[in-house]
Amino acid sequence: PPDPTKYKICLVGDPEVGKTQFCKAFKDQFSLTYEPTVGSDFYMKQMRIGKQMTHFNVWDLAGD
């Protein structure tokens, strides 16, 4: 099988705009409660797109 496609994504922006909720929804962990990110969080997900495995590395940075 071919090597997986890899993406590195860094989410930046103002506080409380949904960066963390986007990451949690992406990992099927969506929450209705607000917990501010302190520093940064890191999320990983692998998924098959067509016949290709794809790896996502997402950095969620605090919106200070």
Next on the checklist: Taking the six-membered ring for Trp, are F56 and F26 closer than 6.0 Å centroid to centroid?
Outcome noted: yes
Next on the checklist: The test is side-chain contact (heavy atoms from CB on, under 4.5 Å); show your working for M53 and Q46 and say whether it passes.
Outcome noted: CA-CA 7 Å; M53 278 305 292; Q46 298 178 33; 4.0 Å; yes
Item to check | Closest approach of V12 to K19 (non-hydrogen atoms, all atoms of both residues) | outcome: C-CD, 3.5 Å
Checklist entry - Going hydrophobic residue to hydrophobic residue with side-chain gaps under 4.5 angstrom, can you get from F22 over to I9? => result yes
Checklist outcome for this item: Output for pair (M44 CE, K6 NZ), nearest 0.5 Å, gives 9.5 Å
Checklist entry - What's the shortest heavy-atom distance between P4 and Q52, and which atoms? => result CA-NE2, 3.3 Å
Checklist entry - Looking just at side-chain N and O atoms, do T54 and T5 make a donor-acceptor pair shorter than 3.5 Å? => result no
Checklist entry - Can you list the steps and then say if Y43 with T20 is a side-chain contact (heavy atoms from CB on, under 4.5 Å)? => result CA-CA 10 Å; Y43 298 86; T20 300; 3.9 Å; yes
Checklist entry - Are any side-chain N or O atoms of Q29 and backbone N or O atoms of Q21, one a donor and one an acceptor, separated by less than 3.5 Å? => result no
Next on the checklist: Does C23 form a side-chain contact (heavy atoms from CB on, under 4.5 Å) with D41? I'd like the steps, not just the answer.
Outcome noted: CA-CA 9 Å; C23 290; D41 282 331; over 6 Å; no
Item to check | Over all atoms of both residues, closest heavy-atom pair of R48 and K51 | outcome: NH1-O, 3.2 Å
Item to check | Candidate list L61, D60, V58, test side-chain contact (heavy atoms from CB on, under 4.5 Å), partner C10, passing option | outcome: L61
